[in-house]
Amino acid sequence: MVDAAINHTAVDVKAPEGRPSDYFGRKVFGRAAMRKYLDRKTYEALLDTMEHRTPLTLEVADGIAAGMRQWALEHGADHYTHWFQPLTGGTAEKHDAFAEPDGVGGVLEEFSGKLLVQQESDASSFPNGGIRNTFEARGYSAWDPASPAFIVDTTLCIPTVFIAYTGEALDYKVPLLRSLSAVDKAATEVCRYFDKNVERVYAYLGWEQEYFLVDESLWAARPDLMLTGRTLMGHESAKNQQMEDHYFGAIPARVIAFMKDLEYECLKLGIPVKARHNEVAPNQFELAPVYEEANLANDHNQLLMTIMDKIARRHKFRVLLHEKPFKGINGSGKHNNLSLGTDTGVNLFGPGKTATENLQFITFLVNVISAVYKHNGLLKASIMSATNAHRLGANEAPPAIISTFLGSQVSAVLDKLEASSGDDAIRFDAKNVFKMSGISHIPALLLDNTDRNRTSPFAFTGNRFEFRAVGSSDNCAEAMITFNAALANELTEFRRNVDAKIEGGMKKEKAIYEELKEMIRACKAIRFDGNGYSDEWKEEAARRGLDCETSTPLIFDRYLDERSVEMFAATGVYSKVELEARTEVKWETYTKKIQIEGRVLGDLAMNHIVPTASRYEAMLLDKVFKMSQIPGLNASADIELIKKIQGHTAEIQRLTGEMIEARKHANPIEDQRAKAIAYHDTVAVFFDQIRYHIDKLEEIVDDQIWPLPKYRELLFLR
Ligand code: ADP
Ligand code: MG
């Protein structure tokens, strides 16, 4: 039992001034602000850059910087920063004051186009996987005009990419932008089979962010939560989620106050938040915005994670973004809802009304599942991490296998297409309008497709795909980069094959149909509509040849497979050097996380748990001794308890010692991959074993002296 000062009353939140439409985007240098603060010529040049990626001249950049500075100062900013997304996860910023000495004893607010557009950064201390050593510590950050600047507190934040001087990406934004451009190009070319007017294809992302909240004072009494983001020990609460009473239940008053505060901040920052609700586990919640263009959506998710943390503190909470903060109840993910749309307003993942529209829909759908099939191991690598590994592959969670769910209607369409023969499937009527049996009329009912499969890691949900395996603490870009690149590559190959058939004299629709048929046949193994959490599926998936690897360091190998390297090179998304550097960072990050967890667990076991259990044991020994002085008393139950405690504390000490030995062996390994494997195979294996004994002790040691808040105390916010 922990004596913590918990504040049960909700923090008073000042009601927002006006309606959301009044304050939405107030802290963003968006189009309205641009029009107001930039002269016409500068404004138009900037729009051109935003829409067509034309390079900015320094003159235009100076004009933009002047307007932006003016706007920022009027909105209370006194500093500016390039805001970027290094491979540490999270975002990085270094604030500089606008004020510069004017040389005559005063200061002036300065901000030039040069400072806006590009800055040199001594970033040798950011993870770079060896691309940069300390002798060549220069990198630079460069403005991404596609994502507008915004103000947090009193700092103007300028979204930027982060690149090595030699040109390699050191962040998530550069490859994301490259992948968006690859998918735009490849998808546009395929769209032109169906509509010559299409000039651009945009990728959209709608994330759903799951998270836990815990009381700040209880959090502060749990060193494991503070240092690793998850509980390394803790016996399950008698009641957790079995009553299914939390999901969509009434939101506690303290939490509602936090959510309102958070949403107000989000809306001012232009993040179009929409849905909020309780999730399945106690203290677990979700927030989802309206989907946006993927680059902007991803910046918004990164920004959200930062401000969530800040607002939570205001409400005496801590937000837990870890994928599995508590054992025995659901973990948190970040569903990435994704779709492609044309500049003519067509959602390429949504069924249409005519045969042509539906052939286009099926074309994109089949290309998606084929790309997911060919790169299923790589897609898994894109979402895997030391933290997400607890969610995927652990016994209570989805398995570490990527498959797609299409639903009965779409599956039936594909089956029919596959089984049909060209002559009866493809017809042209008297006016030469193309007809196709089976897919001319795909019911629009799909849009509210009800038989959604919640166990599928990659589900088609009527007008979009939902990649559910992404971790709650992840940068969504990692998954989006891989998916976009794989899809772009697939669409390019599709186009090449169809063109070859057309050149061979086949009619366009027939050529597309024949190509799709081949693809549907080839990628069948990826389609699975059953229960993804069942043991049978694990066996079945292995038989189908899907990637079933569960060891995180080995899963990262997929980035360096020849097939992956070729695909990333062909789409221009990653060079081989970048892939090598990034996997290096992944292995290193993995090792560090396990190393920290191992240390925290060892400390807690030896400094908190064993001494507490020994104290209780001594009390019992004392009691037993005293009882023996009085004839007729039977102390056998207490003696049994003492033996149990003795057994568990002895095991904890032995296992902790062995774990420390294993770390000593792993630490000198120089090769990052080998070191990560050693940590995975020889260090992390002790965690559950040690925890088992600690959790047993928690059940028998006097609650009055137990040093850590228990699950039942942490998990039920009122
Ligand atoms: P659920 O929890 O049932 O999956 P939600 O409504 O909570 O659904 O979340 C759906 C998410 O999908 C939202 O972020 C929404 O903006 C997004 N979304 C909806 N349509 C699309 C689309 N065409 N492309 C991408 N994202 C979409
Ligand atoms: Mg969803």
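Counting convention: from 1, in listed order, for ligands and their atoms alike.
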(message) Counting the benzene-type ring for Trp, do F458 and F528 have ring centres under 6.0 Å apart?
(response)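 Ring-ring flag for F458/F528: false, centres at least 6.0 Å apart.
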(message) At less than 4.0 angstrom from any non-hydrogen atom of E286, what atoms of ligand 1 do you find?
(response) 7 (O)
(message) Less than 4.0 Å is my threshold; does some heavy atom of E466 fall inside it relative to ligand 1?
(response) yes
Checking contacts here: is it the side chain or the backbone of [X] that comes within 4.0 Å of ligand 1, counting heavy atoms only? Could be both or neither.
X: V290; result: backbone
X: K274; result: neither
X: W207; result: backbone

(request) Taking only Lys NZ, Arg NE, NH1 and NH2, and the carboxylate oxygens of Asp or Glu, determine whether E189 and K185 approach each other closer than 4.0 Å. (result) no
Taking [atom] as the point of reference, which of [options] owns the nearest heavy atom?
atom: atom 7 (O) of ligand 1; options: H277, R464, E208, E292; result: E208
atom: atom 23 (N) of ligand 1; options: G341, G350, S339; result: S339
atom: atom 14 (O) of ligand 1; options: G462, A288, P289; result: P289

(request) Could you tell me whether Y204 and ligand 1 have an N or O pair separated by under 3.5 Å? (result)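 No: no nitrogen or oxygen of Y204 is under 3.5 Å from one in ligand 1.
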(request) Mind running ring pair (Phe, Tyr, Trp, His ring centres under 6.0 Å) on F212 and F326 for me, showing each step along the way? (result) CA-CA 10 Å; F212 279 85; F326 302 99; 5.4 Å; yes
(message) Is there a ring pair (Phe, Tyr, Trp, His ring centres under 6.0 Å) between Y291 and W207? Walk through the geometry before answering.
(response) CA-CA 7 Å; Y291 66 96; W207 41 263; over 10 Å; no
(message) Under the salt bridge (Lys or Arg N to Asp or Glu O under 4.0 Å) definition, can you give me all pairs with a residue in residues 262-272, not counting sequence neighbours?
(response)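 Checked against salt bridge (Lys or Arg N to Asp or Glu O under 4.0 Å) - neighbours excluded - the pairs reaching residues 262-272 are K27-E265, E263-R276, E265-K268.
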(request) For the pair N367 (side chain) and T363 (backbone), establish whether a donor and an acceptor sit closer than 3.5 Å, ignoring hydrogens and angles. (result)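 Yes; at least one donor-acceptor contact below 3.5 Å.
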(request) For T231, check side-chain hydrogen bond (donor to acceptor under 3.5 Å, both in side chains) against everything at least two apart and list the hits. (result)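 T231: side-chain hydrogen bond (donor to acceptor under 3.5 Å, both in side chains) contacts with Y711.
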